[in-house]
Amino acid sequence: MLHRAPDQAYLAAIASVTDRPVRTLINTHHHGDHTYGNCLFAGATIVAHEATRTEMINAGPPQPLPFWTPIDWGELSLELPTLTYTDQVTVWSDELRCEVRYVGGPAHTTNDSIVWLPERSVLFCGDLLFHGGTPFLLMGSVTGAIEVLETCSSRSARRPSCPVTAASPAPG
């Protein structure tokens, strides 16, 4: 069975809520389901940890992998991050502060980052959490993933009211 990447549906979903161009993308880690769509946003600044950029280069452009259900990625090119960081960076979307932070070590992968929106108490977890499933940690560390999640949940003043996980349902 061949699955089609949801690139056009994704672009249509964005267009349904704004007519403004996407100016900034944040890659939480190097996996293709988080980075292959970078090329769909010409001119956008792509933000990621330095190791994310390195792992994207090592993995190369979209291609079939022998251990996953085949996906028709279409004609996507590898678009690398243009702004990298080693620890953290703050990105602004108009007046909305987005704190992007490297988790500090292997967790889901060796290059995971989280995105914290303090004014909205929203935490984007990348693939550190999965809605309805167990995170895939083959490229990272079970101990590291647990430590990251404990750190995120123990900061009472910064406790997220809305963690956004991999495959999260739309809030409502």
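Residue numbers start at 1 and run along the sequence shown. Since this is a predicted model, take the numbers as computed values, not measurements.
- A heavy-atom distance below 4.5 Å is found between the side chains of I14 and V22.
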Let me have the donor-acceptor pairs involving side chains of residues 81-93, under 3.5 Å, with sequence neighbours excluded, atom names and distances please.
from, atom 1, to, atom 2, distance (Å)
T82, OG1, I46, N, 3.1
Y85, OH, S113, OG, 2.5
T90, OG1, R97, NH2, 3.4

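- Contact record, W116 with V122: CE3-O, 3.3 Å, taken as the closest heavy-atom pair.
- When all heavy atoms of C125 and I114 are compared, the pair lying nearest together is CA-CG2, 4.4 Å.
- In this structure, H31 and H108 have side chains that are in contact, with non-hydrogen atoms separated by less than 4.5 Å.
- Using a 3.5 Å distance cut-off with no hydrogens or angles, the side chains of H30 and H49 do not pair a donor with an acceptor.
- Here the shortest heavy-atom pairing between C98 and V115 reads CB-CG1, 4.2 Å.
- Interatomic distance, R53 CZ to N58 CG, rounded to the nearest 0.5 Å: 11.5 Å.
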- Could you go through the side-chain contact (heavy atoms from CB on, under 4.5 Å) check for R20 and D94 one step at a time? CA-CA 12 Å; R20 296 172 64 187; D94 295 326; 3.1 Å; yes
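- At a cut-off of 3.5 Å, with distance as the only test, a side-chain donor of T109 or D112 sits close to an acceptor on the other residue.
- Heavy atoms only, all atoms of each residue included: L128 and A107 are closest at CD2-CB, 3.5 Å.
- Residues L96 and V47 share a single hydrophobic cluster, defined by chaining ILVMFWY side chains whose heavy atoms lie under 4.5 Å apart.
- Note on L80 and L25: separate hydrophobic clusters, where clusters join Ile, Leu, Val, Met, Phe, Trp and Tyr whose side-chain heavy atoms are under 4.5 Å apart, directly or indirectly.
- For the side chain to side chain donor-acceptor pair (under 3.5 Å) test with N27, the passing option among N111, T35, T52, N38 is N38; the others fail.
- A chain of hydrophobic side-chain contacts below 4.5 Å, direct or via other Ile, Leu, Val, Met, Phe, Trp or Tyr residues, connects F124 to Y102.
- A search for salt bridge (Lys or Arg N to Asp or Glu O under 4.0 Å) contacts involving D19 returns nothing, not counting sequence neighbours.
- Between S141 and G144 the shortest heavy-atom distance is OG-N, 2.8 Å.
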